Amino acid sequence: MAKNLVIVESPAKAKTISGFLGKDFLVKSSFGHVRDLSKKNLSVNIEKDFLPHYEITPDKTKIVSELKRLAGEAETVWLASDEDREGEAISWHLAETLHLDQEKVKRIAFHEITRQAIAEAVNNPRRINMNLVDAQQARRVLDRLVGFELSPILWKKVKPALSAGRVQSVAVRLIVEREEEIKAFQASTSYKVTANFDVETSQGRTNVQAELPQRFDTRQEAVGFLEKCRNATFRISDIETKPVTKAPAPPFTTSTLQQEASRKLGLTVGSTMKVAQQLYEAGKITYMRTDSVNLSSLALAAARDVITSAFGKEYVKTRQYTTRTKGAQEAHEAIRPTYLDQSAIEGDPTERKLYDLIWKRAIASQMSDALIEKTIVTIDISTATEKFIARGEVIRFEGFLKVYMESSDDESGEDATSILPPLNVGQELYLKDMCATQKYSQPPFRYSEATLVKKLEDLGIGRPSTYAPIISTIQKREYVEKGDKTGEWRNFDVITLKKGTFLEEVRKEKFGFTKGKLIPTDIGTLVNSFLVKYFVNIMDYHFTARVEKDFDEIAQGKKVWNEMIKKFYGPFHQQVELTLNSNEKVKGEKLLGQDPVTGKNVYVKLGKYGPIAQLGETNNSVKPKFSGLRKDQSIDTINLEEALALFQLPRELGEFEQSEIVIGLGRFGPYIKHRNNYYSLDKTDDPHTITLERALTIIEIRRQEEKAKIIREFDGNPPVRIIRGRFGPYISSGKDNFKIPRDREPETLTLEDCLRIIQSTPPARSPKKTGRKK
DNA sequence: CAGTGAGCGAGCTTCCGCTTGACTT
């Protein structure tokens, strides 16, 4: 029996620390928070100074009872959760739920996982900091009040099962407003002039590319300029060289890792975290949920050694980075390899690539600045006052660039700089060709998962552990979706001057296409404008920053937590009541026009299951016709024609096997209905134009596919079938399905075997509906 | 997995942050 019980947050950390502490110490993990407000109800007593009602989180009951037993046996319980607001609260909740005596409890924090740091922590125990705990309670209660009072308003006013909260609603707002900016954006064009010159140098005859720094607003001005250059001579009037140093980026935090993994490896925020978790559990990297750019002294020393032996002493420059992130709590190190001398690891390709990225970033962060020499060459035109500029870049000392270069989100990808040949002032350049190209101004970019995380972090909204969940929540609620827009083509002019003659052409470019960027849905747009209208305070981009300031003051003992909450709740709740009592329903209804056949009005609006079109009036004795919008349509952009087309479905196509065939459009796309059976159309089939013949073919194909899944079939009432399912073979009888024991070959099962299995096992219900929806 | 959508009313949904396994017809 151990004399000392140490409780940390993560089991992987428990394992490593266990190795440093002797036999007298048993190290266990709480797996994060063990207690929280109940999921079912508000659990905050408004009348009693916002007293929170906590209960043990259902999936933690086992670990709590184990910890309770071990704590009872131990002489001292060391609470070693992280040293931040949530960590302090975890320690307090543990002390409360485990019923620990004050004298028995010691609160410690490990700043580094080294023998020395751990010994130091054990030698400097303290009491739980109740101010910090109160700051966490304030945070928790505020989020609960906002979430559980706002969400029901949405159920009533917009659609059931929606949600709102301090973080998610602002994330949606960012995306909605960006889309509005893009929609309102009017591209303007200008003409960019570039030139190619020949030049004699000590290295022979070579080519120099130059650009006019200013642009022309009109085609006429651009052509006028080219005209002037037709018989000009070009001469270098100035060469300026200046050294520039470039410093490496700090080692990864959660947010920067997600951004770089997205840019360089094309990973989603979610998969980055999943892979990082695997690396962490395998002991390959330090903790992956962190907002700190700090590296331990141990890591710095290791980096110094690795860089020296791999590249030489002159490549070393260790640094202590300081975070500039709003609200950073810095309970952990930056993300780095556990062993910096391991430049590569075993594992699957994604693990190896992500590790490589983390290794390079950490190593580069401790390497020398790169030394770059930039050259700007000014070229005079004999017949014009404008000047061409040629830019060159030479790396004089690679420094950290030997290992790693951070990517940027800038999508333009222009202004490539090149290496210039040796040039002299006064030297003449010979024009090969000159080009005036029409350029369109760019609209603001749509957020990707990773750029949204960056924006949220900049605003101080959300925490490393929640970035990935936020992204998935706003998609699960169908506020935003990762969408592709095919884009359109547009023309642009290119006027070329070559050997004294003009060539004018019109080229085509695609614009406005996106892939995998976050686009708001109709629901997202409607909910956002509703919340912004009635709850500006909470929807304000700086709301979180403001309440964080309050939390900080609570942590410093300058404010009392429930008084702060009271001040917030009064006006907030009043607004909630006011909104609930208003008659406004948020359906986004829009009149598109009249149906030319019936003369009835055609509307689009948000229905119970998503956007719908409506033909006729709802307050009439004649019921209106409804039809759901297709996935690629939205209330915002659909026109009358497209809406009318929707009402042509469902339509009768003909008869087959004495029953009619109907083509319809359901929640999962177009389908054929025949005798209560549904058959999905292929992507290439259009429900509006599909022929009876094609429909029959599809039915035949689908029937064959069904048959192919049946391994064996036994007569009976109901018949028993062995079917090849998505997760392996199973037995189907009536409406129920049954798992086949692993040791049985499905091909050899007899009817008796099947009946025995059916008797002895409970039917496998399909999982809850919510779990299946993506 | 599927054809809804009015309106009635039952009973349900929901927040943010801390941590990992279950579980797979």
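Every chain is numbered from 1 and lettered A, B, ... according to where its sequence line falls, protein lines coming before strand lines. Note that the structure is a prediction, hence the values are computed from the model and not measured.
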Query raised in the report: Would a distance-only check, ignoring hydrogens and angles, find a side-chain to backbone donor-acceptor pair under 3.5 Å from A:Ser292 to A:Glu333?
Result: no
Distance in angstrom units between [X] [atom1] and [N] [atom2], rounded:
X        : N      : atom1 : atom2 : result
A:Ile661 : B:dA2  : CD1   : C1'   : 17 Å
A:Trp92  : B:dC18 : CH2   : P     : 17 Å
A:Met288 : B:dT19 : CE    : P     : 7 Å
A:Gln278 : B:dG21 : CD    : P     : 12 Å

Query raised in the report: Checking all strands, does A:Gln136 fall into the base, sugar-phosphate, or nothing category for heavy-atom contacts under 4.0 angstrom?
Result: nothing
Query raised in the report: From B:dT20, B:dT19, B:dA2, pick the nucleotide closest to the side chain of A:Glu281?
Result: B:dT20
**Report entry** Contact nearer the 5' end of DNA chain B, comparing A:Glu9 with A:Thr618
**Finding:** A:Thr618
Report task. From the options A:Lys587, A:Glu589, A:Glu617, select the one residue that forms a side-chain hydrogen bond (donor to acceptor under 3.5 Å, both in side chains) with A:Tyr603. Result -> A:Glu617
Requested in this report: State which residues pass side-chain contact (heavy atoms from CB on, under 4.5 Å) with A:Lys625; sequence neighbours excluded, sorted by chain then number.
Outcome: A:Leu615, A:Phe647
Query raised in the report: Reading DNA chain B 5' to 3', how would its secondary structure be written in dot-bracket notation, given Watson-Crick and G-U pairs with both distances under 3.5 Å, brackets [ ] for crossing pairs and | for partners on other strands?
Result: .........................
Requested in this report: May I ask you to evaluate whether A:Ser10 reaches the phosphate of B:dT20, defined as a side-chain N or O under 4.0 Å from OP1 or OP2?
Outcome: yes
Query raised in the report: A:Tyr287 side chain N/O closer than 4.0 Å to the phosphate oxygens (OP1, OP2) of B:dT19?
Result: yes
Requested in this report: Assign a letter to each nucleotide of nucleotides 12-17 of chain B from its 5' end: B, base within under 4.0 Å of a protein heavy atom; S, sugar-phosphate only; -, no contact.
Outcome: -BBBBB
